[in-house]
Q: 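Below: one structure in structure tokens.
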Amino acid sequence: MNAAIDISSVRLTTARLILRPFEQKDLTDFNEYARVDGVGQMAGWLPHQSMEESAAILSMFIAEKKTFALELADAHKVVGSLGIEGLSFEPDASCAALRGREIGYVLSRDHWGRGLMPEAVKAAMAYCFYGAGCDYLTIAHFDFNTQSRRVIEKCGFQYEGTQRKGYHIYDGSDRDNLVYSML
């Protein structure tokens with residue numbers, strides 16, 4: 001079952017990042033990375049085509065109270081997002097009483113390969129387990145997304161299995177989704 005999440009008053013800090021709720025003032029930064037070819041596709045969505053599209057999604061992030069803005073602590077610029085999503089699948093019956101969530105994320109292409117996402121995911125994991133009362137977390141990546149696989153491995157998640165053609169993405173294809181968990 002999904003653990004209750006409301007990040008509207010949560011602020012997490014790491015050595016280089018501030019994880020905080022999105023605000024309307026983040027629109028330009030959000031659109032800047034969300035419109036770049038190759039960024040959204042790693043998470044299954046197409047690049048944003050307009051500022052209006054980014055504004056609508058940003059408003060959804062704010063209203064749903066489950067997606068962190070990833071702000072560079074030194075530059076005060078938003079360079080990604082991390083969502084504490086509802087579970088995309090339910091665990092087996094032996095885990096039915098446990099509360100969990102699924103982590104999803106995206107990072108500006110300009111900041112790939114610097115270790116920022118494992119830093120953000122580890123902060124979110126600590127919040128989920130110690131602040132939000134989660135019993136377990138899941139995380140997944142598409143078969144082609146080796147960068148996400150590395151983040152997941154660095155954060156200590158355990159591979160559970162592959163959903164064959166389990167996720168319908170932007171180009172109309174169904175992709176394998178590799179699923180991991182942590183108790």
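As the structure is a prediction and not an experimental result, all values here were calculated from the model.
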Q: Applying side-chain contact (heavy atoms from CB on, under 4.5 Å), can you list everything that pairs with P21, at least two apart in sequence or on another chain?
A: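 Result, side-chain contact (heavy atoms from CB on, under 4.5 Å) vs P21: I7.
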
Q: Which pair of heavy atoms, one from G133 and one from R99, lies closest together, and at what distance?
A: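 Smallest heavy-atom distance, with atoms named: O-NH2, 2.7 Å.
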
Q: Considering residues at least two apart in sequence or located in another chain, which fulfil the side-chain contact (heavy atoms from CB on, under 4.5 Å) criterion with E52?
A: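 If we apply the side-chain contact (heavy atoms from CB on, under 4.5 Å) test to E52, skipping adjacent residues, the hits are S50.
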
Q: Using the ring pair (Phe, Tyr, Trp, His ring centres under 6.0 Å) criterion, which residues pair with F61? Sequence neighbours excluded.
A: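 Here the qualifying residues are F22, F30.
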
Q: For the residue pair V39 and V106, what are the closest heavy atoms and their distance?
A: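 Looking at all heavy atoms of both residues, the closest pair is CG1-CG2, 3.4 Å.
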
Q: Identify the heavy atoms of S148 and N145 that sit nearest to each other, and give their distance.
A: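 Taking S148 first and N145 second, the nearest heavy atoms are N-OD1, 3.0 Å.
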
Q: Could I get the full list of ring pair (Phe, Tyr, Trp, His ring centres under 6.0 Å) partners for H141, not counting sequence neighbours?
A: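 H141: ring pair (Phe, Tyr, Trp, His ring centres under 6.0 Å) contacts with Y180.
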
Q: When rounded to the nearest 0.5 angstrom, what distance separates OG in S108 from CZ in R114?
A: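 Answer for the OG-CZ pair, S108 versus R114, is 8.5 Å.
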
Q: Please report the shortest heavy-atom distance between M42 and F142, naming the atom on each side.
A: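 For M42 and F142, the tightest heavy-atom pair comes out as O-CD1, 3.5 Å.
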
Q: Evaluate T138 against L87 for side-chain contact (heavy atoms from CB on, under 4.5 Å), listing each step before the verdict.
A: CA-CA 8 Å; T138 65; L87 297 166; 3.9 Å; yes

Q: Of all residues at least two apart in sequence or in a different chain, which pass the side-chain hydrogen bond (donor to acceptor under 3.5 Å, both in side chains) check with E53?
A: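 Once residues adjacent in sequence are excluded, E53 has no partner under the side-chain hydrogen bond (donor to acceptor under 3.5 Å, both in side chains) criterion.
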
Q: State, to 0.1 Å, how close Q24 and S59 come at their nearest heavy-atom pair, and which atoms those are.
A: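 Residues Q24 and S59, closest heavy atoms: NE2-OG, 3.5 Å.
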
Q: Please list, chain by chain and in numerical order, all residues satisfying ring pair (Phe, Tyr, Trp, His ring centres under 6.0 Å) with F129, sequence neighbours excluded.
A: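 If we apply the ring pair (Phe, Tyr, Trp, His ring centres under 6.0 Å) test to F129, skipping adjacent residues, there are no hits.
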
Q: What salt bridge (Lys or Arg N to Asp or Glu O under 4.0 Å) pairs are there with at least one residue in residues 66-78, not counting sequence neighbours?
A: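 Matches after skipping sequence neighbours: R20-E71, D29-K77, E32-K77, E64-K66, K66-E85.
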
Q: Applying side-chain contact (heavy atoms from CB on, under 4.5 Å) to I152 and Y159, what does each step give before you reach the verdict?
A: CA-CA 9 Å; I152 292 165; Y159 175 72; over 6 Å; no

Q: Using the rule given for side-chain contact (heavy atoms from CB on, under 4.5 Å), can you reason through L19 versus L70, listing the C-alpha separation, both sets of side-chain angles and the distance that settles it, and then say yes or no?
A: CA-CA 5 Å; L19 284 72; L70 304 182; 3.5 Å; yes

Q: Could you check whether any side-chain N or O of R101 sits under 3.5 Å from a backbone N or O of I84, counting only pairs where one atom can act as donor and the other as acceptor?
A: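 Such a contact is found between R101 side chain and I84 backbone.
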
Q: Walk me through whether I139 and E102 qualify under side-chain contact (heavy atoms from CB on, under 4.5 Å).
A: CA-CA 5 Å; I139 196 166; E102 182 172 332; 5.6 Å; no

Q: Does R164 offer a backbone N or O that forms a donor-acceptor pair with the side chain of T162 under 3.5 Å?
A: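 No: the side chain of T162 does not pair with the backbone of R164.
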
Q: Any salt bridge (Lys or Arg N to Asp or Glu O under 4.0 Å) involving residues 33-48? Give me the pairs, sequence neighbours left out, ordered by first then second residue.
A: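 Applying salt bridge (Lys or Arg N to Asp or Glu O under 4.0 Å) to every pair that reaches into residues 33-48, excluding sequence neighbours, yields nothing.
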
Q: Any salt bridge (Lys or Arg N to Asp or Glu O under 4.0 Å) involving residues 131-149? Give me the pairs, sequence neighbours left out, ordered by first then second residue.
A: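 The answer is D143-R175, R149-E153.
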
Q: How long is the gap from OG1 on T14 to CG on L116, to the nearest 0.5 Å?
A: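 So the gap between those two atoms works out to 7.5 Å.
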
Q: Once side-chain contact (heavy atoms from CB on, under 4.5 Å) is applied, do any residues pair with D6, and if so which ones, sequence neighbours excluded?
A: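 Scan of D6 (side-chain contact (heavy atoms from CB on, under 4.5 Å), adjacent residues dropped) gives S8, K65.
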
Q: Please round to the nearest 0.5 Å and tell me the distance separating atom CE of M125 and atom CG of L12.
A: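 Here the interatomic distance stands at 13.0 Å.
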
Q: Rounded to the nearest 0.5 Å, what's the gap from CG on D26 to OG on S54? Could you check?
A: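 If we round to the nearest 0.5 Å, D26:CG and S54:OG are 12.0 Å apart.
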
Q: With sequence neighbours left out, write down each residue that passes side-chain contact (heavy atoms from CB on, under 4.5 Å) with Q158, or none if nothing qualifies.
A: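 Here no residue qualifies.
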
Q: What is the minimum heavy-atom distance between V121 and F157, and which atoms define it?
A: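 Minimum heavy-atom separation between V121 and F157: CG1-CE1, 4.3 Å.
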
Q: Can you list everything that forms a ring pair (Phe, Tyr, Trp, His ring centres under 6.0 Å) with F68? Sequence neighbours excluded, please.
A: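 Testing F68 for ring pair (Phe, Tyr, Trp, His ring centres under 6.0 Å), a comparison that skips the adjacent residues, returns none.
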
Q: Please check if I18 and V78 belong to a single hydrophobic cluster, counting links between Ile, Leu, Val, Met, Phe, Trp and Tyr side chain heavy atoms closer than 4.5 Å.
A: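 In one cluster with I18: V78, no.
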
Q: Which value, rounded to the nearest 0.5 Å, describes the distance between L17 atom CG and K122 atom NZ?
A: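 L17 CG to K122 NZ: 12.5 Å, rounded to 0.5 Å.
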
Q: Supply the atom-to-atom distance M117 CE to K154 NZ, rounded to the nearest 0.5 angstrom.
A: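 Here the interatomic distance stands at 12.0 Å.
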
